[in-house]
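Working notes for the structure below.
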There are 2 protein chains.
Amino acid sequence: MSSLSTHPEFSPRQNAVLDSALRLLVDGGERALTTAGVARAANCSKESLYKWFGDRDGILSAMIGYQASKVRTLEERAETLTGDSLRAHLVVFARDLLDVLSGDVSLALNRLAIGQASRDGAQLGQMLQERGRRQIGKRAGGLLDAGRRAGLLRFDNGEEAYGTLYGLIVTDLHLRMLLGEDVKLTQQDFSRRAERAVDAFLDLYGTKRQMAKP
Amino acid sequence: MSSLSTHPEFSPRQNAVLDSALRLLVDGGERALTTAGVARAANCSKESLYKWFGDRDGILSAMIGYQASKVRTLEERAETLTGDSLRAHLVVFARDLLDVLSGDVSLALNRLAIGQASRDGAQLGQMLQERGRRQIGKRAGGLLDAGRRAGLLRFDNGEEAYGTLYGLIVTDLHLRMLLGEDVKLTQQDFSRRAERAVDAFLDLYGTKRQMAKP
DNA sequence: CCAAGATAGTACCGTACGGTACGGTTCTTT
DNA sequence: AAAGAACCGTACCGTACGGTACTATCTTGG
């Protein structure tokens, strides 16, 4: 039970502790994330940990909230869209999405939340969903809406269109990385993957006929 | 360290034990999967567990191998393909894929493997990948190849085409379910989702022009 | 019927971890 | 400067779990 509702957040000192905890989680997985370990890594006492975050679950929640607050999705202004600029914006979005999903902190937190999903009624999973996907989904939604207003895209259901775009970009890559597949290997392919996905998406939802691949 | 290579598998009694263990895992998550718990649920002694499976990790590996051996992907013969029958086959495949991914045992095992991914060098994750996705991917590959031979599909890279199909079908649904989102809710949408995904796929890779949605 | 192996049930051991308590030190406030 | 709060470091407690040992029971083959 942590207060993650409005914007109380935490003090700089507490954020530093959360940073250490994230580092610990990334390096050693959940098994390494013991209260004693966090205290040692952050040079703080266990007593302070329990005072600040309540219990271990409170630390986990705080870690997710803190990380989400760090990864602010930059809201880009996309006016005067042309077919080419829309495609370029979409490709950038796709690359950013892939970069976020393949980040070690993101992967570690997703693993953590998935591991706890059957325990705590998916509290952490809901947080990740809310703070992570909703955020980046909003950015994509804005982009898609702008494309539609410019007459470049055609769709009725924005959520569905975004889902399609997401699926084309990510496919089963996220799951494979979560299962432990070497991330470095897959990262080399990101640019090509982003472009192919966007091309396919424009094939499906674009109003202008895309040029066929040779 | 378990011997999962060829086909030694396990005795009926041991399979029954693995069944109990899977039940336990599905009901209570990994925390509930203690050696004492498995022994109690299966009415066997801990000593037998360690004799048969070596250690706790051996039990986990055996569970994955056992479950994979149960879910045999039926290899369907798809000859004399027409445009309609190809679409029908693809829709069936999509539904089957969604059903498999949303199965409680599948979700529990994926959660388990993901939770261990940072620990054991992704042993379990590799097993799941190998036994799970490769299997169902082969079925899809056969279907796609048949479609291409019949002149109904056009693609150079079968893996890529399958990846696109997978992404269109699943999008981020698998991850959401792994994070704890209510599965029953999403299951209602499976038929529609399967059809939409296949339609989009045929839009991208089909040779005949699909009819536009009204 | 008996010996030998396998297994269930239980008791036991060591360790690791979540959570609490406490003494000593530093920082803040008045 | 004194008083008080915050905090670090450590010690401590209870429990839970992985793994082992032992005994009683059951099965099986001669």
Side-chain angles (χ1 to χ4, degrees), chain A residues 1-3 8-25 27-64 108 111-113 115-116 118-121 123-124, chain B residues 1-2 8-25 27-64 108 111-113 115-116 118-120 123-124:
Chain A
M1 257 44 72
S2 74
S3 55
E9 294 303 338
F10 299 102
S11 75
R13 172 64 176 137
Q14 289 159 10
N15 284 339
V17 170
L18 295 177
D19 248 328
S20 302
L22 282 174
R23 182 66 156 247
L24 218 55
L25 177 67
D27 290 347
E30 189 186 351
R31 319 281 295 216
L33 199 69
T34 66
T35 55
V38 172
R40 193 175 341 108
N43 287 327
C44 77
S45 69
K46 285 174 67 175
E47 198 170 19
S48 299
L49 285 184
Y50 284 94
K51 182 175 188 175
W52 294 334
F53 307 109
D55 56 3
R56 188 175 182 272
D57 283 1
I59 301 179
L60 304 185
S61 299
M63 286 166 66
I64 292 183
R111 290 198 186 103
L112 179 68
Q116 306 262 326
S118 39
R119 248 196 80 210
D120 59 0
Q123 292 282 110
L124 299 183
Chain B
M1 259 49 69
S2 74
E9 295 303 340
F10 300 102
S11 75
R13 170 65 176 139
Q14 288 159 10
N15 283 340
V17 171
L18 294 177
D19 249 328
S20 302
L22 282 174
R23 181 69 155 242
L24 218 54
L25 177 67
D27 289 348
E30 191 187 351
R31 318 284 296 218
L33 200 68
T34 67
T35 56
V38 172
R40 193 174 343 109
N43 286 328
C44 76
S45 69
K46 284 173 68 173
E47 197 168 19
S48 300
L49 285 183
Y50 283 95
K51 183 175 187 176
W52 294 333
F53 306 108
D55 58 1
R56 187 174 183 271
D57 283 1
I59 301 179
L60 303 186
S61 299
M63 286 167 65
I64 291 183
R111 290 198 186 105
L112 179 67
Q116 307 261 323
S118 40
R119 249 198 79 211
D120 59 359
Q123 293 282 112
L124 299 183

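A note on names: the letters A, B, ... follow the listed sequences, proteins ahead of strands, and every chain is numbered from 1. A quick note: this is a predicted structure, and the numbers were derived from the prediction, not measured.
Residue A/Ser48 places its side chain closer to D/dC7 than to any other of C/dG18, D/dC7, C/dT7. Proximity note for B/Trp52 (side chain, C-beta onward) versus C/dT7, D/dG18, C/dG18: the nearest is C/dT7.
Side chains of B/Asp57 and B/Gln116 form a contact here, defined as non-hydrogen atoms less than 4.5 Å apart.
In this structure, the CG atom of B/Leu60 is 10 Å from the P atom of D/dG18, given to the nearest Å. With rounding to whole Å, B/Phe10 atom CZ is found 14 Å from C/dT7 atom P. Per the geometry, NZ belonging to A/Lys51 stands 10 Å off P belonging to D/dA5, to the nearest Å. If you measure from atom CD1 of A/Ile59 to atom P of C/dG19, you get 8 Å, rounded to the nearest angstrom. The separation between A/Glu47 atom CD and C/dG23 atom P is 12 Å, rounded to whole Å. Put simply, CG on A/Asn43 is 9 Å from C1' on D/dC8, counting in whole angstrom units. Taking atom NZ on A/Lys46 and atom C1' on C/dC17, their separation rounds to 7 Å, with Å as the unit. When rounded to the nearest whole Å, the span between CZ of B/Phe53 and P of D/dG18 equals 15 Å.
The shortest distance between the side-chain N/O atoms of B/Ser45 and the OP1/OP2 oxygens of C/dG9 is not below 4.0 Å. Between C/dC27 and A/Arg13, no contact under 4.0 Å exists linking OP1 or OP2 to a side-chain N or O.
With rounding to the nearest 0.5 angstrom, the CG atom of B/Leu25 is 5.5 Å from the CG atom of B/Leu112. To the nearest 0.5 Å, atoms CG (A/Asp19) and CZ (A/Arg23) are separated by 9.0 Å. Here OG1 of B/Thr34 is found 7.0 Å from CG of B/Leu24. Values are rounded to the nearest 0.5 Å.
When all heavy atoms are compared, the tightest approach of B/Ala39 to B/Ser45 is CB-C, 4.1 Å. Closest heavy-atom contact between A/Ser20 and A/Ala41: OG-O, 3.9 Å.
Interface residues of residues 31-39 of chain B facing DNA chain C, ordered by number: none; criterion, heavy-atom separation under 4.0 Å.
With salt bridges taken as basic N to acidic carboxylate O contacts below 4.0 Å, one links A/Glu30 and A/Arg56.
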